Undergrad: 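Here you go, one structure.
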Amino acid sequence: MGDNYQNKTMAPVMMDYDFKLKTQTERSKVEDLFDFEGCKVGRGTYGHVYKARRKDGSDTKDYALKQIEGTGLSMSACREIALLRELKHSNVINLIRVFLSHTDRKVWLLFDYAEHDLWHIIKFHRAAKASKKSVMVPKGMVKSLLYQILDGIHYLHSNWVLHRDLKPANILVMGEGPERGRVKIADMGFARLFNAPLKPLADLDPVVVTFWYRAPELLLGARHYTKAIDIWAIGCIFAELLTSEPIFHCRQEDIKTSNPYHHDQLDRIFNVMGFPQEKDWEDIRKMPEHATLVKDFKRSNYQNCSLSKYMDRHKIKPDSKAFSLLQRLLLMDPNRRITSEQAMQDPYFTEDPLPTQDVFAGCPIPYPKREFLTDDDQDDKSDSKARQNQQQQQQQQQQQQNNTQQNQVQANSHDHVANNAKRMRMTGPNQGNNTGGGGQQEFHQQQQMMFGGQQQGASNQQQGNFQQRF
Amino acid sequence: MAGNFWQSSHHQQWILDKQDLIRDRQYDLAILSEEEYQKIFNFFASIIQVLGEQLKLRQQVIATATVYFKRFYARNSLKCIDPLLLAPTCVFLASKVEEFGVISNSRLITTCQTVIKNKFSYAYGQQEFPYRTNHILECEFYLLENLDCCLIVYQPYRPLLLFVQDIGQDDQLLTYAWRIVNDSLRTDVSLLYPPYQIAIASLHIACVMLGKESHKPWFAELNVDMDKIQEIVRSIINLYEMWKSYDEKKEIQALLAKMPKPKPAPQR
Ligand SMILES: Nc1ncnc2c1ncn2[C@@H]1O[C@H](COP(=O)(O)OP(=O)(O)OP(=O)(O)O)[C@@H](O)[C@H]1O
Ligand SMILES: [Mg+2]
């Protein structure tokens with residue numbers, strides 16, 4: 001290399017040869033330390049995620065290796081590394097190590113492996129619902145999930161970090177192991193320090209939050225991201241956990257538009273929430289797209305819409321604690337929306353069942369493990385041994401663990417395209433109309449099966465064993 | 001990450017021990033005197049500063065780049081990577097982390113070229129800025145590796161603003177202290193002390209310079225290790241002393257010539 005510069009460009013030697021050699025020998029390569037070939041489990045806009053094991057067998061834990069899309073250090077890679085390096089909270093994904101591959105200029109991030117995520121979990125419940133099956137989960141699961149999401153976000157927010165891309169696919173849940181059933185907030189690629197905004201945030205990344213989880217003020221052209229925007233997304237996730245339906249589901253064609261204003265998404269929100277009253281959101285008049293809003297929408301079209309009616313249709317009673325918290329998270333006016341801290345103090349969390357550290361509360365985990373993705377041409381052909389082995393192993397484990405019913409549902413979910421978080425599109429909920437008792441709320445339905453009737457004694461015991469209080 | 005300095009990688013990994021720092025510099029200090037070594041860093045801090053200003057970066061970003069630069073050479077000899085390459089690489093990386101928005105590769109190189117030509121010809125003569133984008137990108141990996149991926153750097157500016165507010169807003173005082181914080185980047189204090197202590201020390205010097213006796217009680221009431229503050233004050237005052245009898249324009253070429261340099265692969 002030194003030769004090159006000297007001869008061709010006459011540049012001085014940029015780097016010392018001995019230094020280069022020394023760092024080369026000291027640097028460990030990700031492929032020397034980890035087995036992961038053919039074990040791709042995730043593909044997002046910003047990278048490929050592999051399930052990995054240590055080659056030296058010094059532990060048999062699973063790890064997640066994220067290969068960042070493209071080469072070199074993009075701005076979002078820099079942000080992700082910079083922030084994850086500093087963040088430490090039990091509900092935020094833990095960055096263990098960074099590998100820089102100098103030869104192909106790839107960046108790899110090593111994380112703890114999280115077997116589940118809310119996108120797959122909700123999808124599993126929807127599939128079960130569609131085939132009129134029920135899923136056994138502890139009755140406090142949704143509450144435990146929400147509590148831990150709030151805990152993680154509270155940590156981020158109190159460190160002046162906004163997530164900005166909260167959606168079910170980015171909420172991971174740990175599988176069997178010492179952190180069983182623990183929520184891990186992931187995908188901080190877009191997270192940004194916001195205590196010293198340099199540029200209006202909207203200028204940096206044209207599209208940040210998937211529209212379904214986008215707060216109304218963003219859709220109306222708000223120039224700055226705020227904590228309240230993350231809170232809205234959490235409200236959406238909470239509603240989705242309660243009903244298994246994305247609450248603000250909306251047909252989305254062009255996700256890459258740089259225009260924040262999105263008529264159909266706003267229409268969907270008003271269809272659920274009703275059109276905001278002046279007194280409910282005074283500053284709505286100050287929103288950049290307010291004029292467009294006035295031009296495009298008629299209040300009278302949404303006269304009969306309200307969150308309580310929507311949730312009632314989905315079997316969540318307007319007088320329940322869950323509903324009252326949801327309503328405080330999904331306030332249209334960002335200034336009135338509660339903070340993560342206030343949310344954590346909500347009576348919902350002190351009402352029985354109490355949230356547990358293991359969201360599965362010690363019960364068997366009904367969800368399938370992650371599948372290896374094979375939709376990549378290369379992967380398809382080079383059916384590597386590693387993948388076959390891992391997949392076989394996985395299936396065996398799964399068969400031991402799970403009943404046949406859930407394997408069926410798992411078979412339904414071999415939808416690899418849909419696995420891609422960016423392209424994900426849940427089959428639209430049957431707009432507005434109630435699909436009947438078939439399983440509107442599996443998360444709750446199972447509570448009767450699990451903790452109902454004669455099982456009372458056993459369940460108490462189980463609670464004693466597993467329900468660790470926060 | 002404001003408000004969490006004590007849990008930060010900055011506090012846990014990058015507040016270095018003075019003895020360790022001196023030991024790690026032995027290779028360079030066998031070739032350069034301590035003063036020469038400082039003058040060389042002073043020069044590259046200027047390059048980073050001017051580059052940052054040309055690129056319209058905030059002072060916070062420039063300061064972060066300067067700290068990256070210092071951290072790299074705290075662990076490595078000047079010969080490992082040409083500082084003329086590392087300096088713009090630090091600016092490039094810091095601007096991405098601090099989210100000013102990406103500086104395009106071509107803009108970075110062009111700015112380096114004009115800055116070296118127009119502002120630092122007293123050091124480089126007719127010599128052009130010799131590096132291209134691929135060099136910066138390669139260097140960036142080495143930089144990140146040597147920083148151990150610790151990219152968030154706490155700076156004295158924010159605590160300084162809070163302290164001045166606490167004393168009772170005084171724009172003149174703030175302006176002076178702010179400049180002193182900038183100057184402190186040319187010393188080792190950012191490697192040795194937490195930023196809030198550097199802010200207090202800078203404020204202290206500013207008060208003395210401006211003869212603001214009335215603020216004395218404020219310092220007396222502070223619950224800080226005054227010995228540390230004094231050490232920082234001394235480092236900064238030493239810098240000012242050095243500047244008095246130093247003409248960079250005359251001396252820097254000789255210093256750069258003397259500086260340890262990367263050695264190419266042995267010729268076969
Ligand atoms: N630690 C982990 N353990 C297991 N699976 C993971 C882990 N991290 C990510 N994944 C899987 O990989 C997918 C993509 O990861 P991630 O969200 O970090 O990437 P991304 O490219 O930033 O995604 P997005 O498209 O959502 O912006 C996730 O949705 C998840 O299914
Ligand atoms: Mg994601």
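Labels below follow one simple rule: chain letters A, B, ... track the order of the sequence lines, proteins then strands, and each chain is numbered from 1. Model, not experiment: these values are computed from the prediction.
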Undergrad: Do A:His102 and B:Glu138 have a side chain donor and acceptor closer than 3.5 Å?
TA: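 No - no donor-acceptor pair under 3.5 Å links their side chains.
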Undergrad: If you round to the nearest 0.5 Å, how far is CD1 of B:Ile152 from CG of A:Leu87?
TA: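 If I round to the nearest 0.5 Å, the distance is 8.0 Å.
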Undergrad: Does the pair A:Asp16/B:Lys79 count as a salt bridge with the N-to-O cut at 4.0 Å?
TA: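 Yes, charged N to carboxylate O under 4.0 Å.
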Undergrad: Under a 4.5 Å cut-off applied to non-hydrogen side-chain atoms, are B:Cys150 and A:Arg85 in contact?
TA: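 Of all side-chain heavy-atom pairs linking A:Arg85 with B:Cys150, at least one is under 4.5 Å.
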Undergrad: Relative to each other, are the rings of B:Tyr142 and A:Phe19 parallel, tilted or perpendicular (30° and 60° limits)?
TA: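 Tilted.
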Undergrad: Could you have a look at B:Glu140, B:Arg132, B:Glu128 and say which one has the most heavy-atom pairs with chain A under 4.5 angstrom?
TA: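 Highest number of pairs under 4.5 Å: B:Glu140.
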Undergrad: If you measure from CE on A:Met15 to CD1 on B:Ile81, what distance do you get to the nearest 0.5 Å?
TA: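 It comes to 4.0 Å.
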Undergrad: Strictly by modelled atom types, are A:Glu86 and B:Ser9 linked by a side-chain donor-acceptor pair under 3.5 Å?
TA: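 Indeed, the side chains of A:Glu86 and B:Ser9 share at least one donor-acceptor pair under 3.5 Å.
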Undergrad: Tell me whether the count of non-hydrogen atoms from other residues, nucleotides or ligands lying under 6.0 Å of NZ in B:Lys117 goes above 12.
TA: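 Not buried by this count: 12 neighbours or fewer within 6.0 Å.
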Undergrad: Would you give the length of the straight line joining atom CG of B:Leu147 to atom CD1 of A:Ile81, rounded to the nearest 0.5 angstrom?
TA: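 Result: 11.5 Å between the selected atoms.
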Undergrad: Would you find more than 12 non-hydrogen atoms of other residues, nucleotides or ligands less than 6.0 Å from A:Lys88 atom NZ?
TA: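 No, NZ of A:Lys88 has 12 or fewer neighbouring heavy atoms, counting only those of other groups under 6.0 Å.
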Undergrad: Does NZ belonging to B:Lys119 count more than 12 external heavy atoms closer than 6.0 Å?
TA: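 For B:Lys119, atom NZ is not crowded (no more than 12 foreign heavy atoms under 6.0 Å).
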Undergrad: Looking at side-chain heavy atoms only, is the closest gap between A:Val107 and B:Phe141 below 4.5 Å?
TA: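 A side-chain contact under 4.5 Å exists here.
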Undergrad: Side-chain contact test, heavy atoms from C-beta onward, threshold under 4.5 Å: evaluate it for A:Leu73 versus B:Lys96 and give yes or no.
TA: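 The answer is yes; the side chains approach within 4.5 Å.
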Undergrad: Could you look at B:Phe129 and say if it's the side chain, the backbone, both or neither that has a heavy atom under 4.5 Å from chain A?
TA: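 Neither part, no heavy atoms under 4.5 Å.
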Undergrad: Under 6.0 Å from the NZ atom of A:Lys29, do we count more than 12 heavy atoms belonging to anything else shown?
TA: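 It does not: A:Lys29 NZ has 12 such atoms or fewer within range.
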Undergrad: Just verifying a value: how many Å separate A:Glu26 CD and B:Glu145 CD, rounded to the nearest 0.5 Å?
TA: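 Taking CD in A:Glu26 and CD in B:Glu145, the distance rounds to 9.5 Å.
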Undergrad: Can a donor-acceptor pair be found, under 3.5 Å and without considering hydrogens, that links the side chain of A:Arg105 to the backbone of B:Leu137?
TA: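 Here the side-chain-to-backbone pair exists.
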Undergrad: By a 4.5 Å heavy-atom criterion (distance strictly below it), what part of B:Asp148 contacts chain A: side chain, backbone, both, or neither?
TA: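 The answer is both parts of B:Asp148.
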Undergrad: By salt bridge (Lys or Arg N to Asp or Glu O under 4.0 Å), which residues pair with B:Asp28, not counting sequence neighbours?
TA: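 So B:Asp28 forms no salt bridge (Lys or Arg N to Asp or Glu O under 4.0 Å) with any residue.
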Undergrad: Chain B heavy atoms under 4.5 Å from A:Tyr17: which part of the residue, side chain, backbone, both or neither?
TA: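 For A:Tyr17, the contact with chain B is made by backbone and side chain together.
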Undergrad: Need one label for A:Thr71: side chain, backbone, both or neither, based on atoms under 4.5 Å from any heavy atom in chain B.
TA: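 The answer is neither part of A:Thr71.
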Undergrad: Can you check whether B:Glu98's main-chain N or O pairs, donor with acceptor, with A:Arg79's side chain at less than 3.5 Å?
TA: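 Such a contact is absent between A:Arg79 side chain and B:Glu98 backbone.
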Undergrad: Is it the case that more than 12 heavy atoms not belonging to B:Gln13 sit under 6.0 Å from its CD atom?
TA: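 For B:Gln13, atom CD is crowded (more than 12 foreign heavy atoms under 6.0 Å).
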Undergrad: Taking all heavy atoms of A:Cys78 and all of B:Leu151, pick out the closest pair and write down the distance.
TA: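 Taking A:Cys78 first and B:Leu151 second, the nearest heavy atoms are O-CD1, 4.0 Å.
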Undergrad: Hey, which of B:Leu86, B:Asn76, B:Leu144, B:Leu93 has the most heavy atom pairs under 4.5 Å with chain A?
TA: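 Looking at each of B:Leu86, B:Asn76, B:Leu144, B:Leu93 in turn, B:Leu144 comes out on top.
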Undergrad: Let me know if A:Arg27 has heavy atoms under 4.5 Å from chain B in its side chain, its backbone, both or neither.
TA: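 Side chain only.
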Undergrad: Please report the interatomic distance SG(B:Cys149) to CG(A:Leu84), rounded to the nearest 0.5 Å.
TA: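 Separation between the atoms: 10.5 Å.
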